[in-house]
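One structure is given below, encoded as structure tokens.
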Protein chains: 2
Amino acid sequence: MTEQEIKFKEKIKAIQDTMYVIGGKWKIVIILSIYNGNKRFNDIVASIPKITNRVLSKELKHLEENLLISRKVIDEYPVRIEYTLTEYCLSIDELAGPMEKWGKNHMKKISGK
Amino acid sequence: MTEQEIKFKEKIKAIQDTMYVIGGKWKIVIILSIYNGNKRFNDIVASIPKITNRVLSKELKHLEENLLISRKVIDEYPVRIEYTLTEYCLSIDELAGPMEKWGKNHMKKISGK
DNA sequence: CGGTATCCTTGACGATACTG
DNA sequence: CAGTATCGTCAAGGATACCG
């Protein structure tokens, strides 16, 4: 295997890892919602068109396992749950920004096909 | 709907569009393979571990429809097909670079959990 | 309020064989 | 050589109801 091939496989792996963590239909969207100030489960559901609570629940767990959000139980009555972005999570801004920009431009391009 | 909410929904849409075009397991990987000099179907298959020809075939069509690659029929005997990246496709470097970087760092972070 | 449980649909992806 | 056809699997995601 050449040097170039090794580098290529490393690239592949890194990109596929990224896709696993923040890919899929909802993950970045959820992060943006929390970033926008939604902290509670039902607020997040309400802020995202068409997401269901089952899906949100799973995605939140996935994000928590990947250290992107944290879940805090606030001991009131009734108990309140708050989701917040971790410091680390802010680094996905490096991805969300370019993705947003690229997507907007692309749709313009395709629609004029 | 507030100004902020409108912007949020635009962001969501743009990001989901991007995910649709270059998301999934293979798309960026295929682009990188062509970028690396593989032009012909079987070369691309061989360069990407575990991809099947059926999947590659579909993905190539998807990429062509989105103007990211072009397919040229070269009239020799036997006929030769060459896939090349479009000029436009080079813009996904804005995404692949950050994704690679982020993925590498993330795996380091998670493994040390 | 913040979820789970159950059941279901869809589409992505895969294995293998075959073809113009 | 560059695919297509056929069939199959599996996981993501969705609808709806219910629960502590």
Side-chain angles (χ1 to χ4, degrees), chain A residues 12-13 15-34 37-66 68-85, chain B residues 12-13 15-34 37-66 68-85:
Chain A
I12 289 178
K13 191 180 174 310
I15 288 173
Q16 289 184 337
D17 287 344
T18 300
M19 293 302 298
Y20 174 71
V21 178
I22 56 106
K25 200 169 171 182
W26 300 115
K27 294 186 184 68
I28 290 193
V29 170
I30 293 166
I31 289 171
L32 285 175
S33 171
I34 299 176
N38 300 299
K39 294 175 188 302
R40 304 179 67 174
F41 192 90
N42 286 322
D43 292 342
I44 301 172
V45 170
S47 75
I48 300 177
K50 308 204 176 187
I51 201 168
T52 64
N53 48 3
R54 177 181 175 282
V55 168
L56 178 58
S57 173
K58 293 206 168 186
E59 297 287 46
L60 286 171
K61 264 175 202 154
H62 175 102
L63 292 171
E64 201 189 348
E65 279 164 12
N66 282 284
L68 295 173
I69 62 174
S70 69
R71 180 183 186 275
K72 277 169 206 138
V73 180
I74 295 173
D75 199 2
E76 307 178 337
Y77 184 78
V79 167
R80 192 152 56 97
I81 311 287
E82 269 191 19
Y83 291 97
T84 50
L85 303 186
Chain B
I12 288 179
K13 189 178 176 314
I15 288 173
Q16 288 183 339
D17 287 344
T18 300
M19 294 302 297
Y20 175 70
V21 178
I22 55 105
K25 201 168 170 182
W26 301 115
K27 294 185 184 71
I28 290 193
V29 171
I30 292 166
I31 289 170
L32 286 175
S33 171
I34 299 176
N38 300 298
K39 295 175 186 303
R40 304 182 66 176
F41 193 89
N42 286 322
D43 292 344
I44 301 172
V45 171
S47 77
I48 300 176
K50 308 206 176 181
I51 201 168
T52 66
N53 48 3
R54 177 181 177 280
V55 168
L56 179 58
S57 173
K58 295 206 166 186
E59 297 288 47
L60 287 171
K61 264 175 203 155
H62 176 102
L63 292 171
E64 201 188 349
E65 279 164 13
N66 282 284
L68 296 173
I69 63 173
S70 70
R71 179 183 186 274
K72 276 168 206 140
V73 180
I74 295 174
D75 198 3
E76 308 179 335
Y77 185 79
V79 167
R80 191 152 56 98
I81 311 288
E82 269 192 19
Y83 290 97
T84 49
L85 303 185

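So you know, we letter chains A, B, ... as the sequences are listed, proteins then strands, and number each from 1.
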Partners passing side-chain contact (heavy atoms from CB on, under 4.5 Å) against K27(A) (at least two apart in sequence or in another chain): E59(A), H62(A), L63(A)
I15(B) vs L32(A) side-chain heavy atoms within contact, under 4.5 Å: yes
Close approaches to DNA chain D from residues 20-33 of chain A, in residue order (heavy atom, under 4.0 Å): G24(A), K25(A), W26(A)
Side-chain donor or acceptor of E82(B) paired with backbone N/O of V73(B) under 3.5 Å: no
Interatomic distance where CD1 belongs to I48(A) and P belongs to dG2(C) [whole Å]: 15 Å
Start and end of the DNA chain D segment that chain B contacts, any atom under 4.0 Å from a heavy atom: dC1(D) to dC7(D)
Distance, rounded to the nearest Å, where R40(A) contributes CZ and dC1(C) contributes P: 7 Å
Side chain to side chain contact (heavy atoms under 4.5 Å, CB included) assessment of I81(B) paired with R71(B): CA-CA 7 Å; I81(B) 311 288; R71(B) 179 183 186 274; 3.7 Å; yes
Sugar-phosphate, base or nothing in reach of Y77(A), heavy atoms under 4.0 Å: nothing
Derivation of the side chain to side chain contact (heavy atoms under 4.5 Å, CB included) call for V21(B) and L68(B): CA-CA 10 Å; V21(B) 178; L68(B) 296 173; 3.9 Å; yes
Set of residues satisfying side chain to side chain donor-acceptor pair (under 3.5 Å) with respect to K13(B), sequence neighbours excluded: D17(B)
Angle by which the axis turns from one end of the helix from dC1(C)-dG20(D) to dG20(C)-dC1(D) to the other, five pairs per end, to 10 degrees: 50°
Full working for side chain to side chain contact (heavy atoms under 4.5 Å, CB included) between K39(B) and I34(B): CA-CA 6 Å; K39(B) 295 175 186 303; I34(B) 299 176; 5.7 Å; no
I44(B) CD1 to I31(B) CD1 distance, which is reported to the nearest 0.5 Å: 11.0 Å
Side-chain donor-acceptor pairs of residues 49-58 of chain B under 3.5 Å, sequence neighbours excluded:
{"unit_1": "T52(B)", "atom_1": "OG1", "unit_2": "V55(B)", "atom_2": "N", "d": "3.3"}

Any residue meeting side-chain contact (heavy atoms from CB on, under 4.5 Å) with R40(B), in chain and number order, not counting sequence neighbours: D43(B), R80(B)
Separation of dG2(C) C1' from D43(A) CG (nearest whole Å): 11 Å
Approximate separation, where rounding is to 0.5 Å, of K25(A) NZ and Y20(B) OH: 12.0 Å
Whole-Å distance separating the CD1 atom of I74(A) from the C1' atom of dG2(C): 13 Å
Side chain to side chain donor-acceptor pair (under 3.5 Å) against S33(B), all qualifying residues, sequence neighbours excluded: N38(B), S47(B)
Sub-4.0 Å heavy-atom contacts from residues 49-61 of chain A onto DNA chain C, ordered by number: N53(A), R54(A), S57(A), K61(A)
Least distance between heavy atoms, I28(A) atom then I22(A) atom: CG1-O, 3.6 Å
